[in-house]
Amino acid sequence: MKFASAYEPGEYESDIYAAWEAEKAFQPKTTKSRAKNARKAAENASEEHINPVDHTYSIVMPPPNANGNLHIGHGLTIALEDSLIRYHRLLQDETWYIPGADHAGFETWVVYERSLEKTGHTRFEYTRDELYKNVWDFVAEQRGNMELQLRALGASCAWDDLTFTLDDKVVKRVYETFEKMWQDGLIYRGEKLVNYCPKHQTAFADIEVEHKDEKGFLWDIAYPLAHGEEEIIVSTTRPETLFGDSAVAVNPNDARYADLVGQTVKLPLSGREIPIVADEHADPTYGTGAVKITPAHDYDDFEVGNRHDLERIRVIDDQGKMQNVPEKYLGLTTEECRKQVLKDLKDQGLLRDEKRILHSVAHCYKCDTVIEPTLKEQWFIDVETLAKAAIRHLKKGEIKFYPENKGKVLINYLEGLKDWNISRQIPWGIPIPMFRKDPENTDKNLPEWIFDTHVENQTLEKDGVTYYRDEDTFDTWFSSSHWPIVCTNWAEGEESPFYPLNVMETGADILFAWVARMIMMGIYVTGSVPFKEVYLHGLVLDSHGQKMSKSKGNVLNPLELVEKYGSDAFRLGILRGRSAGLNQAFSEDSVKTGRNLCNKLWNISRFVQELIDTNNEAGEGKPFFADILPANEKMYIPDDPDGFARRAVPPAVQRMTFSRETGAAKKVFTSPAQPNVSTNSMGEDWICREITSAREDLMAEMQGYRFAEAVETLHSLIWDKYADWFLESQKMYKNLPLLKRTLEDILKLLHPFAPFVTEAIWQNLSWTDGMLIDQSWPTPLEYDPISAENFDRLREVVSEVRRTYQDIPGNKKYPLLFGDDSLVDDNQVLVQKLTGAPSVSPSDGTPKGIRIALANRELYLDVDEKTVKEYSDALDERILAVGRELNALNARMMNPNYVDKAPKHLVKETEDAIKEKESLIDRLKKERDLIQ
RNA sequence: GGGUUGUUAGCUCAGUUGGCCAGAGCACCUCGUUUACACCGAGGGGGUCAGGGGUUCAAAUCCCUUACAACCCACCA
């Protein structure tokens, strides 16, 4: 006996993964990076072993943070993507699942800066280049963890092709695009308001800012007119910025202020004179209807400033301190300055009102500091042409979205997209390859900026002029928008069989930040959309539908669940009850269900193997998998200085006796080497039908990304059908070749979702060869449909007998007698086995005991009269129930419209059902009369 | 203000173009240990598919409407 009585995932998973990896089972045969190997393989291999590449199937992994640990969302991502990949691998597609690691610019930077602070240092003690080097080392120390975790989840990705977001090929591609955009005039340097975090001292894209509703105040401040006694009262939530005011705006239709437009006011506490302008921006119904305009520190005011050509005065510096203000306020923080200004205004009698209000305030998504809209020179992409092209392709339906509505949502977003700020003031990222002319040099004929990729230099000499490198780095989304292009090694003018990707799978929360940008960039760089389909998953919530968060303490760690229940259990669990785009709950219970299914399958296999062993020619077989691979020999020790070197093949794996050769010459099983099977009994025809139809259902479900349904289909096939009925029937009639074949098919069908247990079983079975991961998707099984249907009837009989046993008072089983009933007559042994009846035998022709409540069946339980009487209540209930069903059916037939208009086959079904119910009720009544 | 989603059994969710007595897993109740599995087997209870209206022979499914819940975008001086 090779199978333990319960499946222990911990004993198999890491060894199995190591074996797959050692066999290069995850690498596609032909990718550009492996073209040389493939050519060599083609030379060495005999032709029939090389399967021509008909279909390619590629997915790029959304790169997890190289510096972090995987969370539950990654767990879901891997479960989804790896199932797709493994499914297509079984279909013999040329699959390429490309793994990645993200430098996660800002995220990593924050972690690094925090660790730096702990040592008592700050970033300002180092040059940009030093900092970059330091973070690189910092990340190198950490990374590797993430890759181990991907392996634990079973991700069958092409490790040879792992791409890090700071790899040379990424940087090269990003620079090419940037240069192209620069030449196309899509890049501009602009002084614009940016979302600036004073703590991190960097700007953010709009999308990275979190708006929160907060309690605050609305103050009314009197601005005296420059000439005369009058004053105008403005409403503001930010009195400290009044030093930066360039105007006061009122609505052009606001009669109250009509005669003031064109006059000037004296700014309190400063005395500077500013105009009163008419602008639609001022809402007459809000506050006093007059609003101060601070173009350098407010988005709307910036626009107003443009319309009226107003001065932009920055009064808050990069550190969040006051500047360009009267001596008294200089150097104060915005908060201190606000207090002081309010006090001084109050003292001067200019503070007229203070109202509590609720308003939304922008916060840094990382440190929660209030975002200061700040005037800064930054690099921007003019997104209009990019967005328009993207919309055009989307409207043509070139990308199919799951869920479907996200396509519309995306178009909606692109239509209102504002220019994209791609500068970040953090050293950890890809340097912007632009150099600025020496400010001392005033030669107007020279360009202000020049493009050059020699960013390793801080300065550049050209024609005797010195240029200084821009110190900023790219927004990470700018580089990651190239992900499908870079990972698939797309190149201008060359064939790229793996681009566009078949599907982009990622979180619905980054539809705008990432998916939108990949689409724009893909079209801009390659001329075609970067993927054919997009599957977006929602958030994984806790069991009560609450967002997981550290503060709530409801975070589930995927790796802990893998450790506890196994990788397969986790994957099955997280896919259960989940559909595209929705935020849905998840709990440990669903993982347990997955674990139970794995164990069920394990025991099914154990049982099948037992049947084979005890009924077959004994002896032959191959060594037990667990004997070859000692469980204590773990793989993947990060052993390399740069964190990304390949792991050595463990000796245990080298000892394995698999038939296939290691390397690129992947042996492909083009014609399934499955035994010819034939069916000898109803149950066998039935299971062949069920497997075949489940196979078809699965294919449709995978096509439509209905993962949860696929899992359910498999659960029901394995548990309710294969184990509960087929195996039970095989305890009576054994068909060894069919047992083998059907078990193999089931292993293949489940393999995409539960790769480890299925492979572990495959390795433990005595007759299988090679590795399951390399097998091909099962072909349909042949069966006699009539015979399969007869088994359905037999199942009805068995179920009804079991139900009747349950209903009879006392826990006793009674002999089953059959009259003129060939189905039961022909299958007496099986019926006895399945019902647990003490005996099954022909009746003497006269009804006695309890009749089994099935139409067209002459079956009795040989029950003594006393018990029959006790049972009569249940019988009455049964008669009533059938009567109700009959009434409903009759009512339908009484409706002439139904008979006329409904499809004929439905009407016929109803008629048949009525006949059956009538006959049943007739029999039941007779039986009741007999009892009474 | 604009957009999106959800409301189906105690819980978490399926239900593909309208059509067999509305399904699954978990939980619950009863019974059980027979050639694998108690991470088990057999049987069972439980839903007027959020409310209202409409279209249809037929609606959880299509249309309108109300309520509740969640999310995204924009704005909030």
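What's counted below: heavy atoms across the whole structure, side chains too, no hydrogens, waters or symmetry copies. Quick note on labels: first sequence line is chain A, next is B, and so on, each numbered from 1.
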(request) Look through every strand shown and name the nucleotide pairing with rC13(B) as Watson-Crick or G-U wobble, where both distances are under 3.5 Å. (result) rG23(B)
List the residues meeting salt bridge (Lys or Arg N to Asp or Glu O under 4.0 Å) with [X], not counting sequence neighbours, and say none if there are none.
X       : result
K355(A) : D220(A), D353(A)
D720(A) : none
R892(A) : none

(request) Applying side-chain hydrogen bond (donor to acceptor under 3.5 Å, both in side chains), name anything that partners Q730(A), two or more places apart in sequence or on another chain. (result) E684(A)
(request) Kindly state which residues belonging to residues 805-812 of chain A come within less than 4.0 angstrom of RNA chain B, counting heavy atoms of the residue only, listed by number. (result) Q806(A), N811(A)
(message) I'd like to compare against my own output: the B/S/- annotation of nucleotides 12-18 of chain B with a strict under-4.0 Å heavy-atom distance to protein.
(response) SSSSB--
(message) Applying ring-ring contact (aromatic ring centres under 6.0 Å, His included), can you list everything that pairs with Y805(A), at least two apart in sequence or on another chain?
(response) none
(message) Test of understanding: with side chain to side chain contact (heavy atoms under 4.5 Å, CB included), list the residues that count as partners of N897(A), not counting sequence neighbours.
(response) N895(A), K901(A)
Between the protein and nucleotides 57-61 of chain B, are there any N/O to N/O pairs under 3.5 Å, and if so, what are the atom names and distances?
unit_1, atom_1, unit_2, atom_2, d
rC57(B), OP1, K901(A), NZ, 2.2
rC57(B), O2', N895(A), ND2, 2.9

Within the sub-3.5 Å range, which N or O atoms of nucleotides 33-37 of chain B have a protein N or O partner, and how far apart are they?
unit_1, atom_1, unit_2, atom_2, d
rU34(B), O2', K833(A), NZ, 3.3
rU35(B), O4, K731(A), O, 2.1
rU35(B), O4, K734(A), NZ, 3.2
rA36(B), O3', R606(A), NH2, 3.0
rA36(B), O2', N603(A), OD1, 2.7
rA36(B), O2', R606(A), NE, 2.9
rA36(B), O2', R606(A), NH2, 2.9
rA36(B), N7, K731(A), NZ, 3.2
rA36(B), N6, E728(A), OE2, 2.9
rA36(B), N3, N603(A), O, 3.3
rC37(B), OP1, R606(A), NH2, 3.4
rC37(B), O4', N603(A), OD1, 3.0
rC37(B), O4', N603(A), ND2, 3.4
rC37(B), O2', N599(A), ND2, 3.2
rC37(B), O2, K600(A), NZ, 2.7
rC37(B), N3, K600(A), NZ, 3.1

(request) Sorted by first residue and then second, give each salt bridge (Lys or Arg N to Asp or Glu O under 4.0 Å) pair with at least one member in residues 239-248 of chain A; sequence neighbours left out. (result) R238(A)-E240(A), E240(A)-R338(A), D245(A)-K292(A)
(message) Suppose the criterion is salt bridge (Lys or Arg N to Asp or Glu O under 4.0 Å): which pairs have a residue in residues 278-288 of chain A, not counting sequence neighbours?
(response) D279(A)-R307(A)
(message) Check this for me: does any side-chain nitrogen of one of K915(A) and E918(A) sit under 4.0 Å from a carboxylate oxygen of the other?
(response) no
